[in-house]
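Heads up, the thing below is written out as structure tokens.
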Amino acid sequence: IEKSPLQISRSLYHPKMPKALGGPVVLKEGKATESVADQAAIKELFPNTYGMPLITFEPATEKVAAPAVNVGVILSGGQAPGGHNVISGIFDGIKALNPESKLYGFLGGPSGLVDHKYVELTADIIDEYRNTGGFDIIGSGRTKLEETEQFDKGAEICKELGINAIVIIGGDDSNTNACVLAEYYAQKKTGIQVIGCPKTIDGDLKNEMIETSFGFDTACKVYSELIGNIQRDANSAKKYYHFIRLMGRSASHIALECALQSQPNVCIVSEEVEAKNLTLSDVVEQIVKVIVDRASQGLNFGTILIPEGLIEFIPAMKKLIAELNDLLAHNDDFNALETEDEKRQYVKGLLSPESREVYRDLPKGIARQLTLDRDPHGNVQVSLIETEKLLIEMVAKRLAKLKAAGSYKGKFSAINHFFGYEGRCAIPSNFDANYTYSLGYTAALLISAGKTGYMSSVRNLTAPAEEWIAGGVPITMMMNMERRHGAMKPVIQKALVLLDGAPFKYFASKRETWATTTSFVYPGPIQYYGPAEVCEQPTRTLQLEHNA
Ligand code: FBP
């Protein structure tokens with residue numbers, strides 16, 4: 001494969017690790033843990049993996065001979081920068097413990113384990129992928145490991161290959177499933193350990209012991225660079241409003257972090273919209289107010305950040321979507337209707353009065369998307385809804401009214417953007433390259449120590465990498481019971497933006513100034529070489545949380 005000069009240079013980069021991992025280590029156990037909630041229920045479901053202690057690895061004086069281990073690794077869900085370095089960290093970790101150790105990669109995500117599709121990852125393969133973005137070394141997938149038949153099929157191939165441990169690199173759902181798998185394998189005495197690694201650009205897998213998920217840093221830096229570039233263009237031409245939707249299926253961490261880095265005129269935070277029980281019109285009104293204010297100062301340009309998950313956080317929209325899902329999934333009468341207008345009338349006739357009103361007020365194109373574009377289960381495909389276009393249309397309509405009434409004299413031209421895939425496979429920042437390699441290396445140590453049901457954890461992330469603390473956190477510690485598809489299930493709590501957390505509070509204290517003035521910051525591209533203040537900065541979110 002032809003490589004870019006940067007790729008060639010990055011392949012020689014040696015990720016930094018916590019100092020303790022540079023030589024022999026000793027495992028220190030902390031106190032026993034409890035789940036974040038629903039302790040009795042979680043304990044009953046996880047008799048073998050509940051209540052285990054926190055673990056840290058500290059420097060030891062002597063190297064103890066370790067037996068060889070065979071490890072299988074799985075990449076699960078959406079890509080996130082640094083996945084390849086988790087894998088190279090595991091590889092180097094198990095080889096350092098015993099050169100006879102082997103690493104297998106299951107292909108195409110969790111289904112590779114079930115379907116017995118795998119490859120042995122040898123040194124030459126690993127070397128091709130060090131410090132690169134992407135998940136293409138073995139591919140990823142969204143198959144969920146939930147059924148005991150899948151677990152049994154997985155155990156079969158592990159037995160065949162002599163695999164002692166599986167590392168699942170994934171988000172909250174994949175790590176929940178990793179924990180269920182760990183418990184199942186422990187109950188069945190298969191001898192197969194399962195270790196999780198916290199991945200997702202969305203940044204919503206974090207808690208007291210996991211400071212951030214990997215990939216968030218790089219992805220936000222890429223989007224912030226692009227937002228900064230757009231802002232400079234907007235400030236030069238002074239004629240466009242840019243509506244920018246940012247990935248993050250559920251939580252608004254990405255939008256908030258990008259706002260902290262680039263200081264746009266508006267950033268909507270879904271969690272706030274939900275907490276204040278705002279309607280779509282309220283959100284539109286907020287944006288309109290900023291545009292009108294700026295117009296009164298002769299400023300007819302700006303940037304507006306919108307989190308991808310917004311629609312589902314607007315209580316009235318959530319209700320409408322739930323009603324549509326109930327009404328239209330597998331509804332033959334509806335499917336038999338021929339014209340779009342017939343379908344629209346049919347839907348209006350069945351909705352509750354409240355939802356009918358919301359539906360009626362939506363731009364036709366969006367209402368159409370909600371009613372007609374459905375996934376194979378008949379559900380609305382919320383992630384496909386172009387919220388930025390919806391808001392542009394509604395804002396333009398409202399501004400036209402204000403103009404007619406004489407209370408707005410500006411000019412409104414809007415351009416829409418969606419940033420997501422641009423950042424998910426970027427070359428990992430130094431932070432992510434170091435963090436992921438350390439997570440992988442730590443996973444190898446947890447395996448060598450015979451642990452299962454743990455998530456690899458590297459903490460103290462605002463300090464230089466040498467001072468990071470490596471260890472393991474029992475996954476059951478992060479769990480609570482939640483209703484999923486009608487039944488109560490043990491799951492890892494998703495971390496949403498906390499409105500009383502330092503990052504949001506800082507943003508809230510500044511947003512008025514950023515709205516009325518032009519306080520844009522231009523972060524520029526990720527730097528891999530150069531002074532620490534441009535190359536080694538963690539996210540603003542991490543810094544603000546740390547200083548709180
Ligand atoms: P994960 O939670 O699996 O890491 O994926 C996150 C994400 O990047 C979201 O931000 C986005 O909504 C989604 O994946 C897109 O998924 P797909 O790759 O299937 O289009």
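Here, residue 1 is the first one in the sequence, and each next residue gets the next number. Remember, it's 1-based here, ligands and their atoms both numbered in the order they're listed.
Using 4.0 Å as the threshold, K199 has a heavy atom nearer than that to some atom of ligand 1. Remark: distances from the non-hydrogen atoms of G248 to ligand 1 include one below 4.0 Å.
Aromatic pair F214/Y435: centroids not less than 6.0 angstrom apart. Aromatic ring centroids of Y441 and W468 lie 6.0 Å or more apart.
Taking the six-membered ring where tryptophan is involved, the planes of F243 and Y241 are perpendicular, since the angle between them exceeds 60° and thus also 30°. Under the 30°/60° scheme for interplanar angles, the aromatic rings of Y240 and H242 are found to stand perpendicular.
When only non-hydrogen protein atoms are considered, atom 7 (C) of ligand 1 lies nearest to R424 NH1, 3.7 Å. The nearest protein atom to atom 13 (C) of ligand 1, hydrogens excluded, is given as R249 NH2, 3.5 Å; this is a heavy-atom distance. For atom 10 (O) of ligand 1, the closest non-hydrogen atom on the protein side is D202 OD1, 2.6 Å. Looking from atom 12 (O) of ligand 1 to the surrounding protein, the closest heavy atom is E308 OE1, 2.9 Å.
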Run V222 and I526 through side-chain contact (heavy atoms from CB on, under 4.5 Å) and show every step you take. CA-CA 7 Å; V222 172; I526 294 178; 4.0 Å; yes
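The N/O atoms of R142, backbone and side chain alike, include one that comes under 3.5 Å of an N/O atom in ligand 1.
The side chain of Y421, and not its backbone, has at least one atom closer than 4.0 Å to an atom of ligand 1 (non-hydrogen atoms only; side chain from C-beta on). With a 4.0 Å cut-off on non-hydrogen atoms, T200 touches ligand 1 through its backbone as well as its side chain.
Contact check for T212 versus D217: no side-chain heavy atoms found under the 4.5 Å cut-off. Residues V497 and P503 have side chains not in contact (no heavy-atom distance under 4.5 Å, counting atoms from C-beta outward).
The environment of K3 atom NZ is dense: over 12 non-hydrogen atoms of other residues, nucleotides or ligands sit within 6.0 angstrom.
If you number the atoms of ligand 1 from 1 as listed, the ones under 4.0 Å from a heavy atom of G78 come out as 1 (P), 3 (O), 4 (O), 5 (O). Near G77, with a cut-off below 4.0 Å to any heavy atom, the atoms of ligand 1 are 3 (O).
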